[in-house]
Amino acid sequence: MPELPEVETIATDLRPLLIGRRFTDAHVAWPRTLAEPDPVALAERMRDRQVIDVGRRGKYLLIPLDSGETLIIHLRMTGHLAVVPAGSPALADTHLRAWFDLAGDEHLVFTDARKFGRVWLVDDVARVVGKLGPEPLDWTFTAEVLAGRLHGRRVAIKAALLDQTVVAGVGNIYADEALFRASIHPLRRAASLTAGEIERLRDAIRQVMRESIDQRGTLLRDYRTPYGADGAFQARLRVYQQTGRPCPRCGAAIERIRVTQRSTHFCPQCQLAKVL
DNA sequence: ATATCTGCCTGCTCGC
DNA sequence: TGCGAGCAGGCAGATA
């Protein structure tokens, strides 16, 4: 499932394929995929519009157009994007949910088996991504900022990390990996973390994000890059989906528990419970 | 305000 | 081999 590093990789891959290109039409095969506007307005407003950039905010892909509007795509669990030539089999994929025609006989196709992915075309990006917390790789994501976001929160720190208003882009994989690197038990109440622990956590989040981006993301069943070599960070996962395997630090068996309906992996020795 | 629960979805794995 | 059950999980929206 694409989290921040995967979306960053996809944006990097799509950028040279899309910048300067002009859309000629837009089509929606599964209506719920399109959050807004309606399909007719989408096609009208995208027609003859040129791509300015391909960026990202949290797990949202942002494609600003020369009209001032922005095409926003969230891949959720199983969404995939690719630029394909006319007549490509991708256009006949049973999971095709939306596609955008490009001048020059190519198409930007959005396929999504689970149908959770969403597409917006908006004038004001903030209406969609405005509530997101700080970008973890931005200089504004300081330990003090994270402390402020966790203040008064009684939920488990694992749950808090998955809350996109606390910090943007962290999903189940990187929440587990960051907590392991910071040696913090996932069930600790968010507000109970000491200043030192919050600083370790902030550093760990940035570290796993950077490392994963360097590896072009984590390659799991549901994630494929649109172009080029596949992600390789899965080889560096220390706890996520490593249940029963020895902890790389102390050798204890990695455990799996459920925290607010999410499977959560941790080392019972390195991430001591302390005060819950 | 925060916290929890449900619905959205389909493909895959597992046990029989 | 076939098949149903259970699971995977980001986010919106409803509820407590």
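Here is the naming used below: chain letters follow the sequence lines, and residue numbers restart at 1 for every chain. No experiment lies behind these values; they were computed from the predicted model shown.
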Discussion item. If I take atom CG in residue A:Leu75 and atom P in nucleotide B:dT10, what distance separates them, rounded to the nearest angstrom?
Written reply: 18 Å

Discussion item. On the nucleotide B:dA3, are OP1 or OP2 found under 4.0 Å from the side-chain N or O atoms that A:Arg153 carries?
Written reply: yes

Worksheet item: When all nucleic acid strands are considered with a 4.0 Å heavy-atom cut-off, which category describes A:Arg118: base, sugar-phosphate, or nothing?
Response: nothing

Practice prompt. Answer yes if A:Val28 and A:Phe23 sit in the same cluster of Ile, Leu, Val, Met, Phe, Trp and Tyr residues linked by side chain heavy atoms under 4.5 Å apart, and no otherwise.
Written response: yes

Worksheet entry | Any A:Ser263 side-chain N or O less than 4.0 Å from OP1/OP2 of C:dG9 | yes

Item to complete: Evaluate side-chain contact (heavy atoms from CB on, under 4.5 Å) for A:Glu211 paired with A:Arg206, printing each intermediate quantity in order.
Response: CA-CA 9 Å; A:Glu211 259 185 54; A:Arg206 290 165 64 91; over 6 Å; no

Fill in: Rounded distance (Å) that lies between atom C1' of C:dA8 and atom NE2 of A:His265
11 Å

Item to complete: Name the nucleic acid region contacted by A:Arg149, choosing base, sugar-phosphate or nothing; use a 4.0 angstrom heavy-atom cut-off, strictly under.
Response: nothing

Worksheet entry | Interatomic distance where CD belongs to A:Gln164 and P belongs to C:dA12 [whole Å] | 9 Å

Worksheet item: Has A:Phe116 got its ring stacked on C:dC11, by the test of a centre gap below 5.5 Å and a plane angle below 30°?
Response: no

Worksheet entry | Value in whole Å for how far the P atom of C:dG10 lies from CG of A:Asp176 | 10 Å

Worksheet item: Which nucleotide in the list C:dG10, B:dC9, B:dA3 gets nearest to the side chain of A:Lys115?
Response: B:dC9

Fill in: A:Lys59 side chain near C:dC11 phosphate (N/O to OP1/OP2, under 4.0 Å)
yes

Fill in: Of A:Ala156 and A:Arg262, the one whose closest DNA chain B nucleotide lies more 5'
A:Ala156

Fill in: Partner of A:Ser183 under side-chain hydrogen bond (donor to acceptor under 3.5 Å, both in side chains), chosen from A:Arg200, A:Gln271, A:Arg249, A:Glu197
A:Arg249

Item to complete: Taking only the side-chain nitrogens and oxygens of A:His95, find out if one of them lies under 4.0 Å from OP1 or OP2 of B:dG11.
Response: yes

Worksheet item: Heavy-atom distance under 4.5 Å between the side chains of A:Arg238 and A:Glu177, does that happen here?
Response: yes

Item to complete: Ignoring the backbone of A:Met77, work out which of C:dG9, B:dT4, B:dC9 is nearest its side chain.
Response: C:dG9

Close N or O pairs between protein and nucleotides 13-16 of chain C (under 3.5 Å):
none

Discussion item. So, under a plain 3.5 Å distance rule, would you say the side chain of A:Arg114 forms a donor-acceptor pair with the base of C:dA8?
Written reply: yes

Response to the item:
Taking B:dA3, B:dT6, C:dG9 as options, the one with an atom nearest any side-chain atom of A:Gln261 is B:dT6

Worksheet item: Taking atom P of B:dA1 as reference, at what distance in whole Å does atom NZ of A:Lys131 sit?
Response: 10 Å

Worksheet, complete the sentence: Here the distance between atom C1' of C:dC11 and atom CG of A:Asn172, to the nearest Å, is 14 Å

Item to complete: Establish, with yes or no, whether the OP1 or OP2 oxygen of C:dG9 is under 4.0 angstrom from a side-chain nitrogen or oxygen of A:Tyr240.
Response: yes

Worksheet entry | Ring centers of A:His80, A:Phe110 separated by less than 6.0 Å | no

Discussion item. What's A:Arg97 touching, base or sugar-phosphate or nothing? Going by heavy atoms closer than 4.0 Å.
Written reply: nothing

Practice prompt. Round to the nearest Å and state the distance from A:Glu3 atom CD to C:dC11 atom C1'.
Written response: 14 Å

Worksheet entry | Closest to side chain of A:Arg258, choosing from B:dG11, C:dG9, C:dA8 | C:dA8

Discussion item. When you compare the side chains of A:Thr78 and A:Asp112, does any donor N or O come within less than 3.5 Å of an acceptor on the partner?
Written reply: yes

Worksheet item: Using the benzene-type ring in the case of Trp, are the ring centres of A:Phe233 and A:Tyr174 under 6.0 Å apart?
Response: yes

Response to the item:
In A:Glu3, A:Arg262, A:Lys158, the residue satisfying side-chain hydrogen bond (donor to acceptor under 3.5 Å, both in side chains) with A:Asn172 is A:Lys158

Worksheet item: Separation of A:Leu162 atom CG from C:dA8 atom P, in whole Å?
Response: 14 Å

